[in-house]
Peer 1: 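Before we start, here is the structure in question, set down as structure tokens.
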There are 2 protein chains.
Amino acid sequence: MTESVQAASRQEQKGRTRQAILAAALELTQHQGFAQISLRQVARHAGIVPTAFYRHFDSMDELGLALVEQSFSTLRRMIREAQRDPKVFDNIIDAAADVLVEAVKHSKAHFAFVARERVGGSEAVRRAIRHELDLFVSELAVVLARLPNIETWSTEDVQMVSRLFVRNMVSNAEEVVEMPDGRPDLEERIKEGARRQMRLIVVGFKDWRS
Amino acid sequence: MTESVQAASRQEQKGRTRQAILAAALELTQHQGFAQISLRQVARHAGIVPTAFYRHFDSMDELGLALVEQSFSTLRRMIREAQRDPKVFDNIIDAAADVLVEAVKHSKAHFAFVARERVGGSEAVRRAIRHELDLFVSELAVVLARLPNIETWSTEDVQMVSRLFVRNMVSNAEEVVEMPDGRPDLEERIKEGARRQMRLIVVGFKDWRS
DNA sequence: ACTTTGAGTGTACGCACGTTCACTGAATCG
DNA sequence: CGATTCAGTGAACGTGCGTACACTCAAAGT
């Protein structure tokens with residue numbers, strides 16, 4: 001920690017410790033809820049003394065909010081990247097299912113944190129996650145509103161179907177999170193399930209009236 | 001507690017204390033996760049001394065499992081009653097939305113517990129809830145399989161759509177749980193949303209091919 | 001070259017926790 | 001009616017917790 005050859009500037013080092021705290025909390029959160037991990041556990045895992053924690057966060061609650069932010073910025077980046085992929089336009093459903101499973105697999109820890117704390121966390125953390133997810137629903141609604149069968153729908157209906165998609169995304173993410181490692185068969189199963197669910201919803205689009 | 005006019009038989013009294021413990025835990029769980037309430041808190045709320053807790057449950061984990069059981073038996077009873085209502089056959093969607101909101105409102109605490117601990121609870125509690133929900137999916141699949149457009153579907157497809165329904169039921173239940181009291185407008189909004197979602201899915205039924 | 005700053009240290013505190021143990025006294029049993 | 005059972009008591013323990021406070025000592029600022 002202290003024997004780096006290049007002298008670490010003060011703020012570089014601080015940033016690194018901050019990341020260590022976030023990583024420690026994220027790892028501990030995989031096996032128990034965020035609310036039941038202690039400041040001292042986090043500090044121990046991050047390789048610092050308990051009191052040093054306060055140099056970075058005023059409280060565990062603030063650490064939780066920082067984790068929410070980190071998780072969603074990861075997710076947003078992935079979706080932005082996925083939107084550049086041309087195959088999204090050809091087959092939006094299969095692409096979405098792929099992206100979902102891949103994204104969750106890639107940063108399982110963040111998804112697990114969000115899935116868990118969305119309902120089980122402290123008031124503040126729960127509100128933050130809820131807010132981020134609401135943003136997501138609105139963003140998706142904008143995309144959906146441009147699809148062929150939907151452009152004539154009312155705003156409310158589009159929001160509703162957007163919620164339906166996000167909701168199922170969350171549920172599927174939960175499933176992937178709980179999936180044991182090294183079971184590609186289960187993964188494919190979840191992906192196929194997600195695909196079917198989305199197709200079923202989409203099939204309903206063209207016969208929908210108010 | 002001790003001045004009841006009629007002498008309480010020993011097991012009656014024990015049962016009453018057990019219920020007091022369950023009720024205490026359920027109430028405490030409304031404002032924080034089950035994993036972060038302590039044996040001593042529960043005992044205090046139930047009006048007994050901490051050590052007396054062990055006369056009823058070996059551990060907090062067993063208490064949690066008992067709460068899962070209690071919650072689902074409540075839910076099952078409600079659904080069984082609802083199935084007797086003739087209007088279910090006329091308009092299964094509106095009836096389902098009504099039943100959902102009413103059931104959750106009636107025993108909000110149990111639903112809140114399940115919604116929360118389904119993802120945030122201890123390993124054992126989570127597994128128990130997951131198992132109960134899986135049972136639900138299978139039961140619903142049997143009902144769905146008899147519907148007009150569905151009778152020709154593969155078993156897998158029926159299971160999938162059943163999961164879709166249960167999943168959305170859980171999500172809607174979560175929303176009702178988080179709903180502040182005395183806001184019938186919000187309640188109607190959620191009910192309407194649930195109705196639309198189900199209709200959308202059902203509309204997709206008749207154009208579905210494997 | 002000096003002072004200042006501030007990330008990380010180490011000790012110490014009071015508190016709530018789970019669990020142990022020996023107990024009490026009323027309901028139940030023979 | 002005496003003996004037994006057992007739900008609930010109350011004191012005591014060891015532990016981990018959050019946080020306070022005074023500290024060190026190298027990088028950053030002058």
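Heavy atoms only: backbone and side chains are in, while hydrogens, waters and symmetry mates are out. What you see is a predicted model, and the numbers here were worked out from it, not measured in a lab. Labels below follow one simple rule: chain letters A, B, ... track the order of the sequence lines, proteins then strands, and each chain is numbered from 1.
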Peer 1: Between B:Q11 and D:dA7, is there a side-chain N or O to OP1/OP2 distance below 4.0 Å?
Peer 2: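 So the side chain of B:Q11 is outside the cut-off, no N or O lying under 4.0 Å from OP1 or OP2 of D:dA7.
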
Peer 1: Whole angstroms only, please: what is the CD-P distance between B:Q13 and C:dA26?
Peer 2: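 Answer to the nearest Å: 14 Å.
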
Peer 1: Looking at residues at least two apart in the chain, or sitting in another chain, which of them share a salt bridge (charged side-chain N to carboxylate O under 4.0 Å, His left out) with B:E188?
Peer 2: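 B:E188 satisfies salt bridge (charged side-chain N to carboxylate O under 4.0 Å, His left out) with B:R195 once adjacent residues are dropped.
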
Peer 1: Enumerate, atom names and distances included, each donor-acceptor pair closer than 3.5 Å involving a side-chain atom of residues 50-59 of chain B, sequence neighbours excluded.
Peer 2:
from, atom 1, to, atom 2, distance (Å)
B:S59, OG, B:D61, N, 3.4
B:S59, OG, B:E62, N, 3.4

Peer 1: Would you mind telling me which residue lines up with the more 5' stretch of DNA chain D, A:Q41 or B:V49, judged by nearest nucleotide?
Peer 2: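 By nearest-heavy-atom nucleotide position, the 5'-most residue is B:V49.
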
Peer 1: Under 4.0 Å between a side-chain nitrogen and a carboxylate oxygen: does that hold for B:E192 and B:R196?
Peer 2: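 Looking at B:R196 together with B:E192, the answer is yes, because their closest N to O distance falls below 4.0 Å.
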
Peer 1: Taking only residues two or more places apart in sequence or in another chain, which ones pass side chain to side chain contact (heavy atoms under 4.5 Å, CB included) with A:V119?
Peer 2: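 Side chain to side chain contact (heavy atoms under 4.5 Å, CB included) list for A:V119, sorted by chain: B:V119, B:E174.
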
Peer 1: Begin from the C-alpha positions of A:Q13 and A:R16 and carry the test side-chain hydrogen bond (donor to acceptor under 3.5 Å, both in side chains) through to its verdict.
Peer 2: CA-CA 5 Å; A:Q13 184 51 46; A:R16 227 171 290 140; 3.1 Å; yes

Peer 1: Which residues satisfy the side chain to side chain contact (heavy atoms under 4.5 Å, CB included) test with A:A173, sequence neighbours excluded?
Peer 2: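 Side chain to side chain contact (heavy atoms under 4.5 Å, CB included) list for A:A173, sorted by chain: A:V104, A:F111.
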
Peer 1: Roughly, in whole Å, what's the span from CD1 in B:I48 to P in D:dG10?
Peer 2: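 These atoms are roughly 13 Å apart.
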
Peer 1: If the cut-off is 4.0 Å, is B:R18 near the phosphate of D:dG8, judged by side-chain N/O to OP1 or OP2?
Peer 2: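 Answer no for this pair, as no side-chain N or O of B:R18 is under 4.0 Å from OP1 or OP2.
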
Peer 1: Please identify each residue that fulfils side-chain hydrogen bond (donor to acceptor under 3.5 Å, both in side chains) with B:K14, with sequence neighbours left out.
Peer 2: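 B:K14 satisfies side-chain hydrogen bond (donor to acceptor under 3.5 Å, both in side chains) with no other residue.
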
Peer 1: Using a strict heavy-atom distance below 4.0 Å, which residues from residues 51-60 of chain A are in contact with DNA chain C?
Peer 2: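 By residue number: A:T51, A:A52, A:R55, A:H56.
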
Peer 1: Do any of residues 22-40 of chain B sit with a heavy atom less than 4.0 Å from DNA chain C, and if so which?
Peer 2: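 By residue number: B:S38, B:L39, B:R40.
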
Peer 1: Checking contacts here: which listed nucleotide (D:dA7, D:dT9, D:dA27) is nearest the side-chain heavy atoms of B:K14?
Peer 2: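 Side chain of B:K14 sits closest to D:dA7.
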
Peer 1: Of the nucleotides C:dT19, D:dA27, C:dC17, which one has an atom closest to the side chain of B:P50?
Peer 2: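 Side chain of B:P50 sits closest to C:dT19.
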
Peer 1: Side-chain atoms of residues 132-140 of chain A: list all donor-acceptor pairs with protein atoms under 3.5 Å, sequence neighbours left out, distances to 0.1 Å.
Peer 2:
from, atom 1, to, atom 2, distance (Å)
A:E132, OE1, A:R76, NH2, 2.8
A:S138, OG, A:D134, O, 3.4
A:E139, OE2, A:R76, NH1, 2.9

Peer 1: Just the rounded figure in Å: distance from P of D:dC6 to CD of B:E12.
Peer 2: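 About 17 Å, once rounded to whole Å.
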
Peer 1: A:R80: which residues meet the salt bridge (charged side-chain N to carboxylate O under 4.0 Å, His left out) condition with it, sequence neighbours left out?
Peer 2: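 By the salt bridge (charged side-chain N to carboxylate O under 4.0 Å, His left out) rule, A:R80 matches no residue at all.
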
Peer 1: Can you measure B:R10 atom CZ to C:dC29 atom C1' for me and round it to whole angstrom units?
Peer 2: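 One finds 10 Å between C1' of C:dC29 and CZ of B:R10, rounded.
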
